[in-house]
Amino acid sequence: MPVIVVVGCQWGDEGKGKVVDHLARGVDWVARYQGGPNAGHTVVIGRESYILHLVPSGILHPKPRCVIGHGVVIDPVYLLEEMDGLQRRGISLEGRFFVSEGAHVILPYHRWLETLDGDDVRVGTTKRGVGPTYEQKTGRCGIRLYEMMDRARFRARLEEQRDRIAARFRGAGKTPPEPLEGIVDRWIETYFPLADRLRPFVTDTVPLLLDAHERGEKILAEGAQGTFLDLDFGTYPFVTSSTTTAAGASTGLGLPPASLRRVVGICKAYATRVGEGPFVTELPAAEANAMRERGGEFGATTGRPRRVGWLDLVQLRHAVRINGVTEIVLTKLDILSGQSEIRVCTGYRLDGRNLDVPPVDTANVARCEPVWEDVPGWNAPLGSLRRFEDLPREARDYIVRIEKAAGVPIRTVSVGSSRSAMVRMPRPLVRA
Ligand code: IMP
């Protein structure tokens, strides 16, 4: 049974939460493979809205079992808050929610380091300590969840971290936000009870998923953020610190690369970005404001207003190729209603040359000029439509235009935030 990977084709916030929720009905397992509490996956069910930061969106269905893989960085405070919130709303976790003991733990000093390094401002991060935690992971000095489960071992690791943090602050000529005297006791006091509460859910999730995969069960790997926030493929250094692309599902969960044969790429009908970094198709402020309000484009995690722009087909094509996207879900098409003309970026111009792949050098991405194609818009609201044939002709043409550029079928189009606001596409697709 191929593993399904859900991946963002832009800078995150493409609507992955809703798509995972939609696909989760038909799978046995939903597993998060990277990122941390920087993510915010929104699912609207009836009048209830759920924003999930760490727990996979599949938890909102009764059937799938859910996993947080070792590729994720976990803040125990946020995780337990989220678990408590779900249980208060009647969603059961016992026996169906598993957290990898190999996942790295976000602790208060990671947030201190983020501010000390200035990445919160330079990159415009979510300030959740995600970057410094991954930095310690690759620096081979991070704390993994299994170490937190043993009080003596946890204490020894925290003492080592305290000395490390002291040296970092001394080196920068700054004082830590809290005195380090007695800090290990305070950390133990706060965090060890959390470890105890997490204990029933903590396990080695690799054999759990491999056994399920070998039994032929359906696994959905849920990505966070998007392709252009990937540590390698994104607009470095304006990226997050993990592998957000489909390959991360293999390293972050332990599933074999060849099992990732169905890759669902999520693409918004326009583009948004939160934080710093180049954005070739960004709209001027006045137009961006209108679209931001219509689309509710404010961060699910930080509440920050998202930068807004037109759809970038250069990015989309690249995302399809890097991730091996086999099908696309186009989201938020309804937000474009009322737009008399819609622009799409079909290529980049740099120093008199045409480019059809984004440059690796981020300074060059920032200098790229978009090549625009203007297509007619439509007025009718789309929220109540469920069939492709019922969409206005201009909306259908827009979908077909995107599909042609992407080179893979658009399977579903989302036209509203509710679970049912989906248009299934007729087959065959990828028209000539
Ligand atoms: P970090 O992941 O908090 O280190 O932030 C690095 C960059 O990724 C910043 O530009 C953030 O705004 C962005 N980012 C992180 N998580 C998300 C997300 O879930 N959606 C959109 N942008 C994100």
Side-chain angles (χ1 to χ4, degrees), residues 6-20 32-43 50-57 68 71-75 78 82 104 106-107 109-138 142 222-245 248 252 266-268 270-279 282 292 295-309 315 319 331-332 362 365-366:
V6 171
V7 70
C9 289
Q10 295 156 311
W11 283 292
D13 308 316
E14 298 93 351
K16 291 180 293 296
K18 179 178 170 178
V19 175
V20 170
R32 256 289 290 278
Y33 61 83
Q34 45 69 232
N38 49 354
H41 294 169
T42 307
V43 182
Y50 296 82
I51 299 178
L52 298 163
H53 300 285
L54 280 160
V55 178
S57 312
I68 295 184
V72 175
V73 288
I74 292 172
D75 185 322
Y78 280 111
E82 200 165 306
H104 280 249
I106 305 179
L107 290 158
Y109 51 83
H110 292 114
R111 284 188 293 275
W112 299 354
L113 290 176
E114 196 162 347
T115 313
L116 180 72
D117 292 343
D119 278 356
D120 51 341
V121 176
R122 188 174 62 106
V123 179
T125 68
T126 58
K127 300 187 191 172
R128 297 283 160 101
V130 168
T133 309
Y134 278 117
E135 199 178 327
Q136 285 205 329
K137 175 177 176 172
T138 50
E222 176 178 359
Q225 292 87 41
T227 300
F228 296 96
L229 286 176
D230 183 280
L231 187 55
D232 288 285
F233 298 108
T235 45
Y236 189 91
F238 307 105
V239 292
T240 192
S241 299
S242 62
T243 298
T244 60
T245 42
I266 317 302
C267 177
K268 192 144 63 177
Y270 51 97
T272 59
R273 172 164 208 170
V274 205
E276 301 303 314
F279 185 170
E282 187 162 16
R292 179 181 307 116
E297 296 295 353
F298 297 89
T301 299
T302 59
R304 288 182 290 175
R306 296 177 183 145
R307 298 157 67 192
V308 180
Q315 267 197 337
T331 59
K332 297 188 99 164
T362 302
V365 180

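This one's a predicted model, so the numbers in the text were calculated from it and none came from an experiment. First listed ligand is number 1; within each ligand, the first listed atom is number 1. If you read the sequence from its start, that first residue is 1, and numbering goes on from there.
Interface of Thr125 with ligand 1, defined as ligand atoms under 4.0 Å from a residue heavy atom, comprises 1 (P), 3 (O), 4 (O), 5 (O), 9 (C). Close approach of ligand 1 to Asp13 is summarised as follows: ligand atoms under 4.0 Å from at least one heavy atom of the residue are 20 (N), 21 (C). For ligand 1, the atoms closer than 4.0 angstrom to any heavy atom of Ala39 are 19 (O).
Residue Thr126 places at least one N or O, backbone or side chain, under 3.5 Å from an N or O of ligand 1. Considering backbone and side-chain atoms alike, Thr240 places an N or O below 3.5 Å from some N or O of ligand 1.
Annotation: Tyr236, atom OH; neighbour count of heavy atoms from other residues, nucleotides and ligands within 6.0 Å does not exceed 12.
The protein heavy atom nearest to atom 10 (O) of ligand 1 is Val274 O, 3.1 Å. The nearest protein atom to atom 17 (C) of ligand 1, hydrogens excluded, is given as Gln225 CG, 3.5 Å; this is a heavy-atom distance.
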Practice task
Please lay out, stage by stage, how Thr272 and Asp13 fare under the test side chain to side chain donor-acceptor pair (under 3.5 Å).
Solution key: CA-CA 7 Å; Thr272 59; Asp13 308 316; 4.7 Å; no
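With Glu114 contributing its side chain and Gly131 its backbone, the two residues share no donor-acceptor pair below 3.5 Å.
For Trp11, every heavy-atom contact with ligand 1 shorter than 4.0 Å involves the backbone, none the side chain. When heavy-atom distances to ligand 1 are checked against a 4.0 Å cut-off, Leu229 comes that close only through its side chain, counted from C-beta outward. Here Arg304 has side-chain heavy atoms under 4.0 Å from ligand 1, and that is the only part of it that gets that close. Contacts between Val239 and ligand 1 below 4.0 angstrom, taking non-hydrogen atoms only, involve the backbone exclusively.
Inter-residue side-chain proximity for Leu231 and Gln34 is flagged as unmet; no heavy-atom pair is nearer than 4.5 Å. Between Lys268 and Gln10, some side-chain heavy-atom pair lies under the 4.5 Å cut-off. The shortest side-chain heavy-atom distance between Pro237 and Arg122 falls under the 4.5 Å cut-off. When side chains are defined from C-beta on, Glu222 does not count as touching Lys16, because their heavy atoms never get closer than 4.5 Å.
Rounding to the nearest 0.5 Å gives a distance of 5.5 Å between OG1 of Thr301 and CZ of Arg128.
No donor-acceptor contact under 3.5 angstrom links the side chains of Gln225 and Thr244, judged on distance only.
The closest approach between a heavy atom of Ser241 and any atom of ligand 1 is not below 4.0 Å. Close to ligand 1: Gly124, with a non-hydrogen atom less than 4.0 angstrom away. Residue contacts with ligand 1 leave out Arg128, since none of its heavy atoms falls under 4.0 Å from the ligand.
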